[in-house]
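Please read the structure below before turning to the comments.
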Amino acid sequence: MPDSSETAQIAEQYIINKEPYYRNVADEIDMYQAAYDARMPVMLKGPTGCGKSRFVEHMAWKLKKPLITVACNEDMTASDLVGRFLLDINGTKWQDGPLTVAARIGAICYLDEVVEARQDTTVVIHPLTDHRRVLPLEKKGELVEAHPDFQIVISYNPGYQSLMKDLKQSTKQRFAALDFDYPESGIEAEIIAHEAGTDAATADKLVQVAQRSRNLKGHGLDEGISTRLLVYAAQLINKGINPSDACKMALVRPLTDDPDMRDTLDAAVATYF
Ligand SMILES: Nc1ncnc2c1ncn2[C@@H]1O[C@H](COP(=O)(O)OP(=O)(O)OP(=O)(O)O)[C@@H](O)[C@H]1O
Ligand SMILES: [Mg+2]
């Protein structure tokens with residue numbers, strides 16, 4: 001087990017020193033702050049590219065807490081989160097996984113796309129997310145008590161859930177949840193202008209194209225154009241790419257392979273650019 005100076009050194013690596021730009025959309029900053037004060041596990045729900053990761057980075061910076069992010073996938077095992085014995089020349093050596101490191105150093109542990117993980121993997125977070133705040137390392141025979149600053153945050157895209165890929169109620173009901181969505185047009189344009197350094201008029205038009213696509217969700221599109229893609233389009237425009245080509249490359253082509261849908265979206269782009 002690492003001593004306290006070692007712990008501080010590890011924590012330092014995960015501290016965010018420069019403010020990540022985050023434009024609040026409603027009262028999510030205060031709500032999260034209150035949840036953090038209670039060390040309550042938090043779930044961020046919302047579509048891809050709407051600002052969930054950026055929000056956590058911003059909050060970790062604001063709270064001056066280390067942030068450890070884990071991208072979850074279906075091949076991930078409990079050992080990938082908790083840790084495992086590794087073989088080296090001197091025999092076997094225990095290596096903490098990211099969840100264990102976060103619990104020891106008092107980090108915010110962000111499990112991104114947690115539904116992707118299998119349910120038998122997800123349950124390892126249970127003892128950390130209720131009053132116990134412990135993590136049993138069964139293979140090592142150690143019970144890690146979470147540092148007082150430790151908190152778990154998970155992200156979740158409700159759009160993609162299927163019966164096979166959903167969180168168990170016993171997992172869901174360990175979290176308070178904040179809903180995220182693409183921001184209202186004025187705010188979204190402000191974000192794009194800030195992120196890509198484009199003018200307000202271009203940002204406005206990009207948002208209008210995105211809104212057209214979002215109306216097609218469920219009518220041929222699985223998901224509308226995200227804020228992330230709008231930032232890409234604005235960045236291409238800023239590099240001197242013709243706006244209509246930039247929109248095709250950053251907004252339309254990534255979204256769909258269906259020729260009719262592409263025509264529909266290209267036409268929407270043509271109305272504005
Ligand atoms: N409220 C916001 N403030 C600042 N930037 C934002 C905001 N919302 C979206 N963005 C921009 O959109 C990009 C994508 O956001 P982010 O990576 O946080 O999405 P996400 O919700 O985590 O998506 P995914 O579910 O795919 O991981 C950011 O890099 C940032 O440029
Ligand atoms: Mg993310």
Side-chain angles (χ1 to χ4, degrees), residues 20-23 25 44-58 69-76 110 112-117 155-162 164-165 179-273:
Y21 166 75
Y22 178 76
R23 168 65 162 92
V25 174
L44 310 179
K45 301 173 81 164
T48 183
C50 73
K52 301 182 295 295
S53 295
R54 182 63 69 86
F55 175 70
V56 182
E57 289 159 15
H58 179 83
T69 299
V70 184
C72 301
N73 64 68
E74 59 184 342
D75 297 328
M76 200 171 75
Y110 181 43
D112 206 355
E113 286 295 339
V114 77
V115 269
E116 291 298 326
S155 78
Y156 180 73
N157 185 331
Y160 305 149
Q161 87 201 44
S162 66
M164 290 304 291
K165 269 194 183 163
D179 272 332
F180 280 70
D181 205 345
Y182 306 122
E184 155 289 276
S185 54
I187 296 179
E188 192 167 34
E190 191 185 313
I191 293 168
I192 294 157
H194 180 279
E195 289 285 283
T198 40
D199 59 276
T202 305
D204 265 343
K205 287 197 267 185
L206 288 170
V207 172
Q208 294 190 52
V209 174
Q211 287 186 333
R212 293 266 193 113
S213 77
R214 290 168 194 165
N215 292 332
L216 295 168
K217 185 176 170 176
H219 304 281
L221 282 184
D222 294 334
E223 200 70 83
I225 295 168
S226 65
T227 309
R228 176 188 295 123
L229 289 181
L230 292 178
V231 172
Y232 286 177
Q235 285 171 336
L236 293 174
I237 294 170
N238 226 16
K239 293 277 177 210
I241 302 289
N242 164 295
S244 150
D245 291 339
C247 288
K248 283 180 189 164
M249 180 174 168
L251 306 184
V252 181
R253 300 299 176 266
L255 214 58
T256 176
D257 301 318
D258 178 73
D260 291 337
M261 193 47 75
R262 285 187 171 190
D263 287 347
T264 308
L265 292 169
D266 284 346
V269 170
T271 352
Y272 298 100
F273 293 101

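Numbers here simply count residues along the sequence, with the first being 1. All values below come from the heavy atoms of this structure, side chains included, with hydrogens, waters and symmetry mates left out. Keep in mind the model is a prediction, meaning the values are calculated, not measured.
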Heavy atoms of other groups near M261 CE, more than 12 under 6.0 Å: yes
Qualifying side-chain hydrogen bond (donor to acceptor under 3.5 Å, both in side chains) pairs, either residue in residues 190-207, two or more places apart: R23-E190, R54-E195, D199-T202
From OH (Y156) to CG (L44), nearest 0.5 Å: 13.0 Å
Heavy-atom side-chain contact between Y110 and K52 under 4.5 Å: yes
Partner residues of E184 under the side-chain contact (heavy atoms from CB on, under 4.5 Å) criterion, sequence neighbours left out: I187
Shortest non-hydrogen separation from L221 to S213 and the atoms involved: CD1-O, 3.6 Å
Those residues that, when tested against T227, pass side chain to side chain donor-acceptor pair (under 3.5 Å) (two or more places apart): E188
Distance-only side-chain donor-acceptor flag, D112 / T69, under 3.5 Å: no
Trace of the side-chain contact (heavy atoms from CB on, under 4.5 Å) decision for S185 with Q211: CA-CA 8 Å; S185 54; Q211 287 186 333; 3.6 Å; yes
Pairs involving residues 249-261, ordered by first then second residue, that meet side-chain hydrogen bond (donor to acceptor under 3.5 Å, both in side chains) (sequence neighbours left out): R253-D266
Listed once per pair and sorted, the side-chain hydrogen bond (donor to acceptor under 3.5 Å, both in side chains) pairs that draw on residues 233-246, sequence neighbours left out: none
From CA spacing to verdict: side-chain contact (heavy atoms from CB on, under 4.5 Å), T264, R212: CA-CA 10 Å; T264 308; R212 293 266 193 113; over 6 Å; no
Heavy-atom closest contact (F180 atom, C50 atom, distance): CB-SG, 3.6 Å
For P243, side-chain contact (heavy atoms from CB on, under 4.5 Å) partners two or more places apart: I237, F273
Side-chain heavy atoms of L230 within contact of I191, under 4.5 Å: no
L206 and I225, any side-chain heavy atoms less than 4.5 Å apart: no
Considering all heavy atoms, the nearest G224-Y182 contact: O-OH, 4.2 Å
Where at least one partner belongs to residues 224-248, residue pairs that pass ring pair (Phe, Tyr, Trp, His ring centres under 6.0 Å), sequence neighbours excluded: none
Verdict with supporting geometry, T48 and N157, side-chain contact (heavy atoms from CB on, under 4.5 Å): CA-CA 7 Å; T48 183; N157 185 331; 4.3 Å; yes
Worked verdict on L236 versus M249 for side-chain contact (heavy atoms from CB on, under 4.5 Å): CA-CA 9 Å; L236 293 174; M249 180 174 168; 3.9 Å; yes
Residues that R262 engages under side chain to side chain donor-acceptor pair (under 3.5 Å), provided they are two or more places apart: none
Smallest separation among heavy atoms of A117 and M76, with atom names: CB-CE, 3.8 Å
Inter-residue atom distance L255.CG - L265.CG, 0.5 Å rounding: 6.0 Å
Nearest heavy-atom neighbours spanning A246 and A233: CB-O, 3.9 Å
Heavy-atom pair of closest approach, residues S155 and E113: OG-N, 2.9 Å
Side chains of V207 and I192 in contact at under 4.5 Å (non-hydrogen atoms): yes
